[in-house]
Amino acid sequence: MASALRSAILRHIRIPVTHALSANGSRLTALRLMSSHDDHITKDEVIKRVLDVVKCFPKVDPSKVTPEVHFEKDLGLDSLDTVEIVMALEEEFKLEIPDKEAVRIESCEQAIEYTCPLSFD
């Protein structure tokens with residue numbers, strides 16, 4: 001349900017992205033693109049920015065936010081709140097998180113893991 005709602009919201013506020021083709025003609029599926037100003041971001045910066053996004057969410061008590069916090073279990077957020085946080089992370093980091101990946105992000109730890117540049121994985 002959250003995925004369908006997220007998709008409906010995104011259709012109204014974002015421009016559809018066309019699929020890119022690789023040199024051999026196959027579709028590229030899971031791209032994580034960061035804007036040019038994020039090229040040299042450190043893991044500590046990613047952690048700080050993810051935590052800041054979550055702390056700024058209206059239903060969150062900022063004193064409870066840690067890198068390990070779970071959105072529903074620890075902060076009492078529902079699935080729609082989680083979708084809104086993921087959308088805020090997309091805005092913060094200038095990236096598009098595919099729906100299949102977005103529904104798996106349920107904690108700050110998972111958001112940090114997804115958002116970190118590949119060199120930190």
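Because the structure is a prediction, the values reported are computed rather than measured.
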Report task. Verify salt bridge (Lys or Arg N to Asp or Glu O under 4.0 Å) between D44 and K48, making sure each step is shown before the conclusion. Result -> CA-CA 6 Å; D44 288 338; K48 180 188 178 313; over 6 Å; no
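Listed by chain and number, the residues in a salt bridge (charged side-chain N to carboxylate O under 4.0 Å, His left out) with D78 amount to none (sequence neighbours excluded). Among residues two or more places apart in sequence or in another chain, the side-chain contact (heavy atoms from CB on, under 4.5 Å) test is passed with P67 by I47, L51, I112. Scanning for side-chain contact (heavy atoms from CB on, under 4.5 Å) contacts around V53 gives A88, L89, E92, with sequence neighbours left out. Under the rule for a side-chain contact (heavy atoms from CB on, under 4.5 Å), the partners of E45 that lie at least two apart in sequence or sit in another chain are I41, T42. Every residue was checked against the salt bridge (charged side-chain N to carboxylate O under 4.0 Å, His left out) condition with K64, not counting sequence neighbours, and none meets it. Not counting sequence neighbours, K55 has no partner by the salt bridge (charged side-chain N to carboxylate O under 4.0 Å, His left out) test.
In this structure the side chain of V69 reaches within 4.5 angstrom of the side chain of L75, judged on heavy atoms. Residues V65 and C108 are in side-chain contact: their nearest non-hydrogen atoms beyond the backbone lie under 4.5 Å apart. Using a 4.5 Å heavy-atom threshold, the side chains of I85 and F71 count as touching. The side-chain heavy atoms of V103 and V83, taken from C-beta on, include no pair separated by under 4.5 Å.
Atom CG of L95 sits about 6.5 Å away from atom CD of E90, to the nearest 0.5 Å. In this structure, CD in E109 is found 10.5 Å from NE2 in H70, a value given to the nearest 0.5 Å.
Although no hydrogens or angles enter the test, the distance criterion places no donor-acceptor pair under 3.5 Å between the side chain of E101 and the main chain of I97.
Scanning both residues, E96 and Y114, for their nearest heavy atoms gives O-OH, 4.2 Å. K100 and R104 get closest at one heavy-atom pair: O-NE, 3.5 Å.
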